[in-house]
Amino acid sequence: MRVLVTGSQGMLGKRLSELLSGDAELYGCGRSKPSAVLDYIYDSVDLTNFSKTRAFIASVKPEVIFHLAAKTQVDECEVKPKEAWENNSLATQNLLKAS
């Protein structure tokens, strides 16, 4: 089964990716490059950009998506509400439409 984990370098994403890596054809994505060697395919993707998100989903063709990418620092979200909306809402909308 081909599985995509968005936010695969975050706390939850890392753990889920570890659990799935032996049982699935695993793909991960996030905003930054990974800090370590991974045992799955990873790509840096800006999910707030619909055309990039659509192209990424079309290339991976996941059967299952775990959408864990999010801006989670509450204080920063309050100070930067536009950035929080883009990362938490717009990215989710783009992923849904592209899927």
Side-chain angles (χ1 to χ4, degrees):
M1 178 180 302
R2 186 173 292 141
V3 177
L4 169 62
V5 178
T6 70
S8 65
Q9 292 298 289
M11 288 175 49
L12 183 57
K14 281 182 182 178
R15 183 64 181 131
L16 181 61
S17 297
E18 289 171 3
L19 292 171
L20 294 173
S21 65
D23 297 325
E25 183 180 345
L26 187 60
Y27 293 80
C29 72
R31 285 180 283 205
S32 59
K33 297 290 182 190
S35 56
V37 175
L38 304 173
D39 57 352
Y40 58 90
I41 299 167
Y42 180 88
D43 202 353
S44 180
V45 178
D46 179 3
L47 297 175
T48 65
N49 181 309
F50 178 68
S51 62
K52 290 181 181 179
T53 301
R54 182 177 55 200
F56 178 67
I57 294 297
S59 70
V60 173
K61 297 179 182 70
E63 296 171 82
V64 175
I65 299 174
F66 289 97
H67 180 43
L68 307 178
K71 188 163 197 62
T72 59
Q73 298 90 354
V74 175
D75 293 337
E76 189 174 340
C77 289
E78 290 177 351
V79 173
K80 300 176 181 177
K82 181 179 184 283
E83 187 177 311
W85 181 84
E86 289 173 347
N87 284 286
N88 295 338
S89 297
L90 180 60
T92 302
Q93 291 174 25
N94 288 344
L95 190 61
L96 178 64
K97 289 176 186 176
S99 298

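Both backbone and side-chain heavy atoms feed into the values below; hydrogens, waters and symmetry mates do not. Model, not experiment: these values are computed from the prediction.
A salt bridge is defined here as a Lys NZ or Arg NE, NH1 or NH2 lying under 4.0 Å from an Asp or Glu carboxylate O, and E18 with K14 fails to meet this definition.
The shortest side-chain heavy-atom distance between I57 and I65 falls under the 4.5 Å cut-off. Residues E25 and M1 have side chains not in contact (no heavy-atom distance under 4.5 Å, counting atoms from C-beta outward). In this structure, L4 and V64 have side chains that are not in contact, with every pair of non-hydrogen atoms separated by 4.5 Å or more. A 4.5 Å side-chain heavy-atom check between E76 and E83 finds at least one atom pair inside the cut-off. Within the 4.5 Å cutoff, the side chain of L16 has heavy atoms near those of the L68 side chain.
Minimum interatomic distance between N87 and K71 (heavy atoms only, all atoms of both residues): CB-CB, 4.0 Å. Y42 approaches R31 most closely through the heavy-atom pair OH-N, 4.1 Å. Between A58 and K61, the shortest heavy-atom distance links the atoms O-NZ, 3.0 Å. The shortest heavy-atom contact between L47 and A69 is CD1-CB, 4.2 Å.
Looking only at atom types and distance, the side chain of S8 has a donor-acceptor partner in the side chain of Y40 under 3.5 Å away.
Between D43 atom CG and C29 atom SG the span is 7.5 Å, to the nearest 0.5 Å. Of the inter-residue distances, the one linking N49 atom CG with F56 atom CZ reads 13.0 Å to the nearest 0.5 angstrom. In this structure, the separation between CD on Q9 and OG on S44 is 10.0 Å, given to the nearest 0.5 Å. Note that OG1 of T53 and CG of L96 are 11.5 Å apart. Values are rounded to the nearest 0.5 Å. For the atom pair OG1 of T48 and CG of L95, the computed distance is 12.0 Å after rounding to the nearest 0.5 Å. Of the inter-residue distances, the one linking L12 atom CG with F66 atom CZ reads 10.0 Å to the nearest 0.5 angstrom.
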### Task
Start with the C-alpha gap between T92 and N94, add the side-chain angles, then the distance that decides, and say whether side-chain hydrogen bond (donor to acceptor under 3.5 Å, both in side chains) holds.
CA-CA 5 Å; T92 302; N94 288 344; over 6 Å; no
### Task
Apply side-chain contact (heavy atoms from CB on, under 4.5 Å) to the pair V3 and Y27, showing each step before the final yes or no.
CA-CA 6 Å; V3 177; Y27 293 80; over 6 Å; no
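Under the rule for a salt bridge (Lys or Arg N to Asp or Glu O under 4.0 Å), E63 has no partner lying at least two apart in sequence or in another chain.
In this structure a side-chain-to-backbone donor-acceptor pair under 3.5 Å is missing from K80 to C77. One N or O on the side chain of R2 and one on the backbone of V60 form a donor-acceptor pair closer than 3.5 Å.
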